[in-house]
Amino acid sequence: MAQADTIVVLDFETTGLSPDNGDRAIEIGAVKLERGEVVDRFQALMNPGRSVTAFIEDYTGISNTMLAEADSCAEVMDRFADFIQDYNLVAHNASFDQRFLDAELSRISRSYNGQFSCSLLAARRVFQQAPNHKLGTLVNYTNIPSSGDFHRALYDSEMTVKVWLKILEAIEQQYGLSDIPFSLLQKLNKTPKKSIHQWLLRQGESA
DNA sequence: TGCCAGGCCCTCTTTAGGGCCTT
């Protein structure tokens with residue numbers, strides 16, 4: 001398998017786009033991978049202490065009634081901090097999920113030492129021919145079977161796992177890399193798209 | 001009152017603007 005490290009792939013559903021504007025997490029889903037195999041999962045709704053808009057209810061299928069019955073963000077995020085420990089983390093458009101993870105953990109004075117890598121940035125480099133790089137499009141593009149239940153945290157995490165493994169598989173097949181370390185995938189995120197082919201060739205030669 | 005994200009990436013670029021992604 002192409003992934004050497006244990007990682008946690010995660011996805012937040014939220015009240016909006018920006019924790020700096022007061023938006024909160026309403027659901028977290030995550031999948032733990034060891035050498036490319038799913039070994040654990042985490043899913044929980046959380047009550048942000050206020051109503052979500054009709055747009056968010058419609059977009060996620062998560063209703064205010066469901067959230068009213070859920071544990072608080074503080075309780076859920078405390079359990080989630082235990083779940084992720086210090087594993088490295090992957091998300092689709094990771095900067096978004098990282099902002100919410102940081103904001104919610106900061107509220108309960110918890111932290112983590114894992115680092116993020118982004119499946120969106122990786123897919124833009126590895127799957128340059130895809131029509132676009134939305135999670136759902138990449139699922140179709142890479143022929144991953146899907147029930148289409150996007151915009152729930154665990155489902156999107158599971159789909160992100162499958163896209164992530166397709167990215168690793170493509171790198172492995174095209175460049176002869178195996179047991180790809182997380183650090184290389186972080187560098188991949190920052191390597192200019194224009195030169196990604198040459199860069200990956202060099203990684204394959206020096207591996 | 002009125003406003004409301006941020007980072008990446010391309011290009012008709014760098015003294016900037018706009019589309020893509022995430023909810």
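A note on names: the letters A, B, ... follow the listed sequences, proteins ahead of strands, and every chain is numbered from 1. From a predicted model like this one, the values you see are computed outputs, not experimental measurements.
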Q: Say we look at B/dC9 and B/dT13: how far apart would their C1' atoms be, to the nearest angstrom?
A: 12 Å

Q: Which listed nucleotide (B/dC21, B/dG6, B/dT23) is nearest to the side chain of A/Thr60?
A: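 Shortest atom-to-atom distance from the side chain points to B/dT23.
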
Q: Between atom CD in A/Gln128 and atom C1' in B/dC10, what is the gap in whole Å?
A: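 In whole Å, B/dC10 C1' and A/Gln128 CD are 13 Å from each other.
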
Q: Is A/His92 close enough to B/dC21 that one of its side-chain N or O atoms is under 4.0 Å from OP1 or OP2 there?
A: no

Q: To the nearest Å, give me how far apart CD (A/Glu13) and P (B/dT22) are.
A: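 Interatomic distance, CD of A/Glu13 to P of B/dT22: 11 Å.
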
Q: How far does the P atom of B/dG2 sit from the matching atom of B/dC8, given to the nearest Å?
A: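 Taking atom P in both B/dG2 and B/dC8, they lie 34 Å apart.
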
Q: Whether the side chain of A/Asn88 engages the backbone of A/Phe182 through a donor-acceptor N/O pair (distance < 3.5 Å, no angle test) should be reported.
A: no

Q: Nearest of B/dC21, B/dT22, B/dG6 to any side-chain atom of A/Leu135?
A: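 Of the candidates, B/dT22 comes closest.
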
Q: In whole Å, I'd like the distance from the CG atom of A/Asn132 to the C1' atom of B/dG19.
A: 12 Å

Q: Whole Å only: how far is the NZ atom of A/Lys194 from the P atom of B/dC10?
A: 7 Å

Q: Using the C1' atoms only, state how far B/dC12 lies from B/dG6, rounded to an integer number of Å.
A: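 Comparing C1' positions in B/dG6 and B/dC12 gives a spacing of 25 Å.
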
Q: Between A/Thr191 and A/Phe12, just flag the one whose closest nucleotide in DNA chain B comes earlier from the 5' side.
A: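 The residue closer to the strand's 5' end, by nearest nucleotide, is A/Thr191.
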
Q: Find the distance A/Leu101:CG to B/dT23:C1' and express it as a whole number of Å.
A: 16 Å

Q: Once you round it to whole Å, what is the distance between P of B/dC21 and CZ of A/Phe150?
A: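 In whole Å, B/dC21 P and A/Phe150 CZ are 14 Å from each other.
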
Q: Without decimals, in angstroms, what is the distance between A/Lys193 NZ and B/dC10 P?
A: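 Between P of B/dC10 and NZ of A/Lys193: 5 Å.
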
Q: Describe the nucleic acid contact of A/Asp156 in one word from base, sugar-phosphate, nothing, applying a heavy-atom distance below 4.0 Å.
A: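 Contact class for A/Asp156: sugar-phosphate only.
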
Q: Check every atom of B/dC21, B/dA5, B/dT23 against the side chain of A/His133 and return the nucleotide holding the closest atom.
A: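 Comparing B/dC21, B/dA5, B/dT23 against the side chain of A/His133, the answer is B/dC21.
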
Q: Identify the two heavy atoms, one from A/Met77 and one from A/Leu105, that lie closest to each other, and give their separation to 0.1 Å.
A: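 Nearest heavy atoms, A/Met77 then A/Leu105: O-CD2, 3.8 Å.
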
Q: Please determine, for the side chain of A/Asp11, which listed nucleotide (B/dA5, B/dT22, B/dC21) has the closest atom?
A: B/dT22

Q: Figure out the CG/C1' separation between A/Leu17 and B/dG6, and round it to whole Å.
A: 10 Å

Q: Out of B/dA5, B/dC9, B/dT22, which has the shortest distance to the side chain of A/Arg124?
A: B/dC9

Q: Once you round to the nearest 0.5 Å, how far does CD of A/Glu104 lie from CE of A/Met46?
A: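 So the gap between those two atoms works out to 6.5 Å.
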
Q: Just call it for A/Asp20: base, sugar-phosphate, or nothing, with non-hydrogen atoms closer than 4.0 Å on any strand.
A: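 It contacts sugar-phosphate atoms only.
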
Q: Quick check for you: among B/dT22, B/dT23, B/dC9, whose closest atom lies nearest to any side-chain atom of A/Leu121?
A: B/dC9

Q: Grab the two heavy atoms, one from A/Ala30 and one from A/Val8, that are nearest each other, plus how far apart they are.
A: CB-CG1, 3.8 Å

Q: Minimum heavy-atom separation for A/Ala25 to A/Cys73, with atom names?
A: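 Closest approach of A/Ala25 to A/Cys73, heavy atoms only: O-SG, 3.4 Å.
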
Q: Any donor-acceptor pair under 3.5 Å linking the side-chain atoms of A/Thr60 with those of A/His151?
A: no

Q: With respect to the phosphate group of B/dC9, does any side-chain polar atom (N or O) of A/Arg125 fall under 4.0 Å of OP1 or OP2?
A: yes

Q: Between B/dT1 and B/dG7, how many Å separate the two C1' atoms, rounded to a whole number?
A: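 Nearest-Å result for B/dT1 against B/dG7 at atom C1': 30 Å.
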
Q: In terms of the nearest nucleotide of DNA chain B, which residue is placed more toward the 5' end: A/Asn189 or A/Thr15?
A: A/Asn189

Q: In whole Å, what separates the P atom of B/dT15 from that of B/dG19?
A: 22 Å

Q: Taking the C1' atom in each of B/dC4 and B/dT23, what is the distance between them to the nearest angstrom?
A: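 After rounding to an integer number of Å, I get 14 Å for this pair.
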
